[in-house]
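Okay, structure first, notes after.
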There are 2 protein chains.
Amino acid sequence: MNIGQASELSGISSKTIRYYESIGLIPAPARTDSGYRDYSHPEIETMRFIQRARNLGFTIKDVCELIDLWHDQHRASAQVKSLTQRHINEIEIKIKELESMRHTLVTLAEKCHGDDRPDCPILEDLAALNIGN
Amino acid sequence: MNIGQASELSGISSKTIRYYESIGLIPAPARTDSGYRDYSHPEIETMRFIQRARNLGFTIKDVCELIDLWHDQHRASAQVKSLTQRHINEIEIKIKELESMRHTLVTLAEKCHGDDRPDCPILEDLAALNIGN
DNA sequence: ATAAACCTTCCAGTATCTGGAAGGTCAAAT
DNA sequence: ATTTGACCTTCCAGATACTGGAAGGTTTAT
């Protein structure tokens, strides 16, 4: 099947499939006589695996490792779990950062009149007057 | 004062200060006879403003707008509030995405033994067997 | 025959820095 | 006076993960 169909079945755009091939995440597929990429079902399965892992926020590098583990019959599930736990930790750090930003921004926005006058606690906070810090 | 001191006072690395200058976020400063960048206090204030805005997750483009508004005596605080509200919305979307990922990952990790055996619900979920979906 | 809808490669751009190379300057120690 | 080390300069490349577009070949349908 050609790249367009592979794209539809995997949920990865044709552009991105070519990109994944170029960085070695996906192996180069067979080609038709005219040079079109020609995929078969196992390759679509790999793409779907990649797409799901990406949707869970794993980096490309993580996905490489996950594919290796997936193909390794002698893997220890501890390896997968550890990679996943590391990823969860990163996500939790990111969530905390974003929640802290959100809290500050909401507090500032609440104090701002949001009318046609120029005085604005948001800008004042960013400018901070640099007296007390 | 030279770029190293400006960096210390603003909390922005020398590298990044030069980068901000190159993209026009910070105006080109005076130079000493020998070609060193020479900053004075108002420029440091601008850098601190930028640094605080970046710490709140505003994009460089947002920061440009915020600086323009900061310098505009006739701004309406509504403009600042609206930009801030837009940013809060984006942060909230991002938090929801991350929390959804986190939820899925934690659920999968809990099901995984994490021992030296190969069977792993995390990989099974990613592979998904493609029966039910 | 021709037009639409595919496919190909290659280059550039997005966002936000960060690292490193090659070389000039400044201040202090010898 | 010289040397050393810590500055500074510019410029180029790399990281992350794609996305867009140009120029051109192929396939399919009318």
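Sequence lines set the chain letters: A, B, ... in the order given, protein chains first and strands last, and positions in each chain run from 1. Just so it is clear, the structure is predicted and the values come from calculations on it, not from any experiment.
DNA chain D lies under 4.0 Å from at least one heavy atom of each of the following residues of residues 18-33 of chain A: A/Y19, A/Y20.
Using a 4.0 Å cut-off, no side-chain N or O of A/S34 falls inside it from OP1 or OP2 of D/dG25.
Between B/I12 atom CD1 and C/dC17 atom P there is a gap of 9 Å when expressed in whole angstrom units. In this structure, the NZ atom of A/K15 is 14 Å from the P atom of D/dC18, given to the nearest Å. Between the CD1 atom of B/I50 and the P atom of C/dT16 there is a distance of 13 Å, rounded to whole Å. Between the CD1 atom of B/I60 and the P atom of C/dT16 there is a distance of 5 Å, given to the nearest Å. A/Q51 places its CD atom 12 Å from the C1' atom of D/dC18, with the value rounded to the nearest Å.
Picking from D/dT19, C/dT8, C/dC7 the nucleotide with the shortest atom distance to the side chain of A/S14 gives C/dC7. In the set D/dC18, C/dC7, C/dC17, D/dC18 carries the atom at the smallest distance from any side-chain atom of A/T16. Considering only side-chain atoms of A/N2, the nucleotide from C/dT9, D/dC7, C/dC6 that sits closest is C/dC6.
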Dot-bracket encoding per residue of DNA chain C, Watson-Crick/G-U cut-off under 3.5 Å, | denoting interstrand = ||||||||||||||||||||||||||||||
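For A/E97, the CD atom sits in a packed shell: over 12 heavy atoms of surrounding residues, nucleotides or ligands are nearer than 6.0 Å.
A donor N or O paired with an acceptor N or O is not found under 3.5 Å between the base of C/dC26 and the side-chain atoms of B/Y36.
A/E43 and A/S40 form a side-chain donor-acceptor contact under 3.5 Å, judged by distance and modelled atom types alone.
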